[in-house]
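One structure, as structure tokens, below. Some questions next.
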Amino acid sequence: MPEGHVTHRLARELELAFADRPVRVASPQGRFAEAAALLDGQVLTGAESWGKNLFIEFGAAIVHVHLGLIGKLRVGPAAPPSALDTLRLRITDGITAAELRGPQTCALLTGEERAAVVAALGPDPLRADADPLRGWARVTRSARPIASLLLDQRVAAGVGNIFRCEALYRQRLHPLTPGLRVTRRRWDRLWGDFVELMPPAVASGRIDTVLPEHTPEAMGRPPRVDRHGGEVYVYRRAGEPCLVCGTEVSAQEFEARRLYWCRRCQRRR
DNA sequence: AGCTCATGGCGAG
DNA sequence: TCGCCCTGAGCTG
């Protein structure tokens, strides 16, 4: 579920539903029970996201949520919760309810601790104050492959496997290109793709990366949308024809994640 | 009913 | 580099 667009979207949804109102807070599963009891009945003062981290604020007390690979936070009309054994956190005002399951992190933080989490992150393309040069500084002095660097949250906070594969495709960059061989111009364009693609993903809840001239319809093929809901060039399309050149999309395990690319459009150099 | 995999990240070795 | 954590959807049988 979770690249940066998801957590930013959730922050918006939480603010819209609960900001400046007292809420009921509970942890039916029990693992967050002590903190939940402390926050129950308090005013939810705001919600903010930084990369893949979500901060839900109750005055000075901050709930830090990181969904990890399988975590989900669903915000919707309040209804009796099911599967209480996995329900880590529930926030409700009686009208709307937010239900958190399977997070990698759900912890109560002080402002200072939150600042430390943020300080460990690189620039977030979804934040207006992001400085892409901080990411560039790491890329240009690293021999690590660009595919590895793009998942490093110190390089670009909030970028995950879909945005990584898709931005590399859009810039026709081979995933294993060493960072120090990536030119400044190419980095600017990669960053530009994140800045261009991520805000619409926050708004829509899906990741769309395909240019109008390359959509399956434009190429005379049936529409093809990934399970995550978006239209993409290579992500999870192994063996299918590249939308631009028709070559079978390649896939390979790389650093415990699946990497997708077109060996013809993204040549090594 | 069971198995596999997933848009992450951590710590041990 | 690997194993591990967390949950549930989408397959296979």
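By convention in this document, chain letters (A, B, ...) are assigned in the order of the sequence lines, proteins followed by strands, and residues within each chain are numbered from 1.
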Problem set entry | C1' atoms of B:dT7 and C:dT1, separation to the nearest Å | 23 Å
Exercise. Within the structure shown, what part of the strands sits under 4.0 Å from A:Gly102 by heavy-atom distance: base, sugar-phosphate, or nothing?
Worked result: base
Problem set entry | Atom-to-atom span, CZ of A:Phe254 to P of B:dA6 - whole angstrom | 16 Å
Exercise. Which part of the nucleic acid does A:Arg74 contact within heavy-atom distance under 4.0 Å: base, sugar-phosphate only, or nothing?
Worked result: sugar-phosphate
Seminar exercise, completed: Note: contacts of residues 224-243 of chain A with DNA chain B (heavy atom, under 4.0 Å) are A:His228, A:Tyr235, A:Arg236
Exercise. Mind checking the P distance from C:dA9 to B:dG9? Whole angstroms is fine.
Worked result: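 Taking atom P in both C:dA9 and B:dG9, they lie 22 Å apart.
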Exercise. Would you say A:Arg144 has more than 12 foreign heavy atoms packed within less than 6.0 Å of its CZ?
Worked result: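 More than 12 within 6.0 Å, yes.
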Problem set entry | Atom pair distance, as rounded to whole Å: CD1 in A:Ile207 and C1' in B:dA6 | 13 Å
Seminar exercise, completed: A:Leu69 atom CG is separated from B:dC5 atom C1', nearest whole Å, by 9 Å
Exercise. Would you say A:Arg21 has more than 12 foreign heavy atoms packed within less than 6.0 Å of its CZ?
Worked result: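 Correct, the count exceeds 12.
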Exercise. Quick check: does any side chain N or O of A:Thr7 sit under 3.5 Å from a backbone N or O of A:Ser49, one acting as donor and the other as acceptor?
Worked result: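 Side chain of A:Thr7 to backbone of A:Ser49, a donor-acceptor pair under 3.5 Å: no, none is there.
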Seminar exercise, completed: A:Tyr260 OH to B:dT7 C1', in whole Å, measures 11 Å
Exercise. Rounding to a whole Å, what distance do you find between A:Gln153:CD and B:dT7:P?
Worked result: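 In whole Å, B:dT7 P lies 14 Å from A:Gln153 CD.
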Exercise. Mind checking whether A:Trp191 and A:Phe194 have parallel, tilted or perpendicular rings, split at 30° and 60°?
Worked result: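 Perpendicular.
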Exercise. Charged N to carboxylate O under 4.0 angstrom, A:Arg114 versus A:Glu48?
Worked result: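 A salt bridge links A:Arg114 with A:Glu48.
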Exercise. For A:Glu255, which contact category applies under a 4.0 Å heavy-atom criterion: base, sugar-phosphate, or nothing?
Worked result: nothing
Exercise. Looking just at side-chain N and O atoms, do A:Arg88 and A:Gln29 make a donor-acceptor pair shorter than 3.5 Å?
Worked result: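 Per modelled atom types, A:Arg88 and A:Gln29 side chains form a pair under 3.5 Å.
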For this session: Name the nucleic acid region contacted by A:Glu253, choosing base, sugar-phosphate or nothing; use a 4.0 angstrom heavy-atom cut-off, strictly under.
Result: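 The residue A:Glu253 makes no contact with any strand.
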Problem set entry | Side chains of A:Glu255 and A:Ser148, donor plus acceptor under 3.5 Å | yes
For this session: Report the distance from atom CZ of A:Arg164 to atom P of B:dA6, rounded to the nearest whole Å.
Result: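 That distance rounds to 12 Å.
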Exercise. Just to confirm, is there a sub-4.0 Å distance from OP1 or OP2 of B:dG9 to any side-chain nitrogen or oxygen of A:Lys52?
Worked result: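 It does, given that an N or O in the side chain of A:Lys52 lies less than 4.0 Å from OP1 or OP2 of B:dG9.
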Exercise. Expressed in angstrom and rounded to an integer, what is the separation of A:Glu166 atom CD from B:dT7 atom P?
Worked result: 12 Å
Exercise. Quick one: how far along DNA chain C does chain A reach, first to last nucleotide 5' to 3', anything under 4.0 Å to a heavy atom?
Worked result: C:dC6 to C:dG10
Problem set entry | Euclidean distance, atom CG of residue A:Leu151 to atom C1' of B:dG8 [Å, nearest integer] |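 From A:Leu151 CG to B:dG8 C1': 9 Å.
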